[in-house]
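Since the structure comes first, as structure tokens, the remarks are kept for the end.
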Amino acid sequence: MVGPRAEGQAGAGSGPDCDAVIVGAGFAGMYMLHKLRELGLTARVLEAGSDVGGTWYWNRYPGARCDVESMEYSYQFSEDLQQEWDWSERYAPQPEILAYAQHVAERFDLRRDITFGTRVTAATFDTERGQWRVETDGGERITATWCVMATGCLSSPNKPDFPGQDTFTGATYHTGDWPHEGVDFSGQRVGVIGTGSSAIQAIPIIAEQAAHLTVFQRTPNYAVPAHNAPLDPEVERFFKAHYPELRAKAKQSRNGLLYLHDTNPVSALEVPPHQREAIYQERWDKGGLSFAGTFVDLLTNQEANDTAAEFVRGKIRAIVDDPQVADLLSPRSVLACKRMCVDTGYYATFNRPNVTLVDVSEGPVEALTPEGLRAAGREFALDAIVFATGFDAMTGALNRIEIRGSGGQLLRDKWAEGPRTYLGLMVAGFPNLFTITGPGSPSVLTNMLPSIEQHVEWIADCIAHVRGRGAARIEPTPEAEEGWVAHVNAVADRTLFPTCNSWYLGANIPGKPRVFMPYIGFAAYVEKCEEIVREGYRGFVLGG
Ligand code: FAD
């Protein structure tokens, strides 16, 4: 590891091995490393995968791509970087986003401080020394003053453990841990379990390859068309010419996305039905997540939401030939209460003669068998099974690590009734530990790149502040944390978000406490973070 050492911090005598350990080399860990180097700190990044990219390293399933438009789904901390990189499509495919992450690693010479193929198993705070001791699956122990968890919100695949799992003689795959060499399903009978975002992207492509595709659906999801296409050179020119203003504008929105500035400030109930229909149609034709912003009250008023939901159900009925299949594919839940999906030909795929939809809402997948699986009392013969069963979101990757704070308290225990943080950034009783896009921050409800950058910059400023004050330790007070948790809940309760069984609430993981984890409102959140800093890091205590 090279790079300047901060005096009195690292390297000397019984000092720590480095100033900071960063866990994870996705977009969060990469930028954190860059930022800490700028501060003159020494840092080591530990990454389970064999390269950078995080989400885009692991999720190599067919059809994987971002659903935030490429021109917005990118770093903004370097103007040169955003000028020099060219995206090929409106929504970049996974290989291109991975190539972008690799380009960033090269451009900022990040890899020399990253150890790949190394999983962090434990992190323990040594109160006396004021150091974190980080342990890896390779048996290495590294000490550091600061520990930054850049472990990702959607990086811990939810792999259900069906009875008979080991007896199945065919191949199994999880969308979030896809083989690097790809999979050719030609001539095979394939089963896909799950119909969330990843499944909705993968199903149309698997259906084109497979001899037969059976989709096992527990809950239908709303999908709006992507209308993906080669990136319009005019759009690219416009963005590149106006990036600073556009990025600043996006930061003023609820999701850190420009499209929300197009949110119609009108209630869905204020416009006559035929006009409302035309406005929905306009958004549908435009494509993408902006559909959720068609009217201002879609996520606060059930009746307003019903109008949008019925519009989408009408589309499904129009696209899908078999009325029974269309009915099964039609969600009854609140639209956009669960992450909305952005699709390319998803509903039309169910018109193909080689595709069958199986409803497992009442009779679930019971077991895997040597020949396939048993669900809803029926046997299905399969050559390959794809688990599109999502992630243990937001807390999964953190809870898999034995993180012990002051007095040996285990983070997993502290969070037994649901995650508790201050700003989603720090946890009382766990000094000098930061969680990038942690629970209690806007994270998964936003364009995640600006959320990541905001957190990384806040953390770097915080560390500089602590060092500037001659201190060595910072953590939130239990009262500040308590207040923040209550505030996150109060904001969520003003919306329809907590009313449905989403992974935002942990509802996809059996036994996970039902707590709404992300903070709603990017602009309001950023303002809170800045206000707390202006008031001398209100709610934090410095020490050491
Ligand atoms: P990640 O990219 O998840 O990286 C975390 C890294 O930490 C991983 O590489 C993991 O291996 C590593 N790690 C975790 N635990 C350990 C450990 N114990 N030891 C060592 N390493 C560890 N967001 C959007 O804003 N727009 C989109 O369009 C979008 N599309 C998505 C599509 C898919 C299929 C998925 C799964 C997510 C999508 N997301 C999207 C969310 C996406 O996760 C974020 O945008 C972003 O990539 C997160 O970066 P990160 O660095 O925080 O986390």
Side-chain angles (χ1 to χ4, degrees), residues 21-33 44-61 63-70 72-75 90-94 97-98 100-101 104 114-123 134-138 140 147-158 174-178 196-202 226 250 255-257 288-289 339-342 388 390-403 435-438 441-453 455-456 503 522:
V21 164
I22 300 164
V23 187
F27 286 128
M30 290 165 71
Y31 183 38
M32 192 76 244
L33 172 60
R44 267 192 75 180
V45 182
L46 303 169
E47 166 56 53
S50 65
D51 201 2
V52 297
T55 288
W56 307 101
Y57 168 90
W58 296 104
N59 290 264
R60 300 176 190 231
Y61 61 84
R65 60 179 71 247
C66 52
D67 53 17
V68 164
E69 298 192 27
S70 312
E72 290 197 67
Y73 190 66
S74 53
Y75 286 123
R90 181 177 173 188
Y91 301 94
Q94 171 271 329
I97 306 175
L98 181 58
Y100 171 72
V104 173
I114 308 178
T115 307
F116 294 106
T118 300
R119 185 167 286 280
V120 168
T121 52
V134 176
E135 293 168 53
T136 72
D137 57 358
E140 200 184 353
C147 181
V148 184
M149 292 294 170
T151 44
C153 295
L154 299 169
S155 60
S156 180
N158 171 35
H174 190 287
T175 51
D177 189 5
W178 202 259
S197 279
S198 301
I200 282 175
Q201 289 186 332
N255 294 36
L257 277 166
L289 291 169
R339 186 187 171 82
M340 278 195 81
C341 305
V342 178
F391 302 90
D392 183 353
M394 305 201 72
T395 53
L398 293 166
N399 282 341
R400 279 187 190 183
I401 305 172
E402 296 272 320
I403 303 175
T435 50
I436 301 181
T437 63
S441 75
S443 57
V444 290
L445 293 178
T446 64
N447 174 6
M448 286 199 69
L449 265 288
S451 276
I452 285 169
E453 286 183 305
H455 264 196
V456 167
W503 54 256
F522 181 70

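The shown structure was predicted, so the numbers you read here are calculated from the model rather than taken from an experiment. Order of appearance sets the numbers: ligands from 1, and atoms from 1 within every ligand. The analysis underlying the following values was restricted to heavy atoms, covering all of them including side chains, and did not include hydrogens, waters or symmetry mates.
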**Report entry** Residue list, ring pair (Phe, Tyr, Trp, His ring centres under 6.0 Å) with H174, at least two apart or on another chain
**Finding:**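 Applying ring pair (Phe, Tyr, Trp, His ring centres under 6.0 Å) to H174 gives none.
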
Query raised in the report: Can you name the ring pair (Phe, Tyr, Trp, His ring centres under 6.0 Å) partners of Y57, sequence neighbours left out?
Result: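 Scan of Y57 (ring pair (Phe, Tyr, Trp, His ring centres under 6.0 Å), adjacent residues dropped) gives H180.
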
Please report whether ligand 1 has a polar contact with [X], defined as an N or O pair separated by less than 3.5 Å (distance criterion only).
{"X": "E47", "result": "yes"}
{"X": "G49", "result": "no"}
{"X": "V120", "result": "yes"}
{"X": "D67", "result": "yes"}
{"X": "A25", "result": "no"}
{"X": "A28", "result": "yes"}

Could you check [atom] against the protein and tell me its nearest heavy-atom contact, residue, atom and distance included?
{"atom": "atom 53 (O) of ligand 1", "result": "G152 CA, 3.2 Å"}
{"atom": "atom 4 (O) of ligand 1", "result": "G54 CA, 3.5 Å"}
{"atom": "atom 14 (C) of ligand 1", "result": "T151 O, 3.5 Å"}
{"atom": "atom 25 (O) of ligand 1", "result": "M448 N, 2.7 Å"}
{"atom": "atom 32 (C) of ligand 1", "result": "W56 CH2, 3.5 Å"}

**Report entry** CA sep, side-chain torsions, deciding dist, call: T446, S451, side chain to side chain donor-acceptor pair (under 3.5 Å)
**Finding:** CA-CA 7 Å; T446 64; S451 276; 2.7 Å; yes

Query - Nearest-option assignment for atom 44 (C) of ligand 1, heavy atoms, candidates F116, W58, Y73 - result: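 It is Y73 that holds the nearest heavy atom.
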
**Report entry** Of the listed options V342, I452, T55, closest to atom 2 (O) of ligand 1 (non-hydrogen atoms)
**Finding:**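 Selected option, by shortest heavy-atom distance: T55.
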
Query raised in the report: Does T121 come within less than 4.0 angstrom of ligand 1, counting non-hydrogen atoms of the residue?
Result: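 Under 4.0 Å: no for T121.
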
**Report entry** Proximity flag Y91 to ligand 1, non-hydrogen atoms under 4.0 Å
**Finding:**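 Distance cut 4.0 Å: Y91 fails for ligand 1.
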
Query raised in the report: Which atoms from ligand 1 have a heavy atom of N447 less than 4.0 Å away?
Result: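 Checking each atom against N447, I get 25 (O).
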
Classify the contact between [X] and ligand 1 as side chain, backbone, both or neither, using a heavy-atom distance cut-off of under 4.0 Å.
{"X": "Y31", "answer": "neither"}
{"X": "Y57", "answer": "neither"}
{"X": "T118", "answer": "backbone"}
{"X": "A150", "answer": "backbone"}
{"X": "L46", "answer": "backbone"}
{"X": "V68", "answer": "both"}

Looking at side-chain heavy atoms only, is the closest gap between [X] and [Y] below 4.5 Å?
{"X": "L449", "Y": "V68", "value": "no"}
{"X": "T175", "Y": "Q201", "value": "no"}
{"X": "I436", "Y": "F27", "value": "no"}
{"X": "W503", "Y": "F391", "value": "no"}
{"X": "T55", "Y": "M448", "value": "no"}
{"X": "F522", "Y": "N255", "value": "no"}
{"X": "Y73", "Y": "N447", "value": "yes"}

Query raised in the report: Where do A397 and S155 come nearest, in terms of heavy atoms and distance?
Result: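 It is CB-OG, 3.5 Å.
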
Report task. Heavy atoms only: give me the nearest H455-T437 pair and the separation to one decimal. Result ->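 Shortest heavy-atom contact: ND1-N, 2.8 Å.
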
Query raised in the report: Between R400 and D392, is there a salt bridge with N-O shorter than 4.0 Å?
Result: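 Salt bridge flag = no for R400 with D392.
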
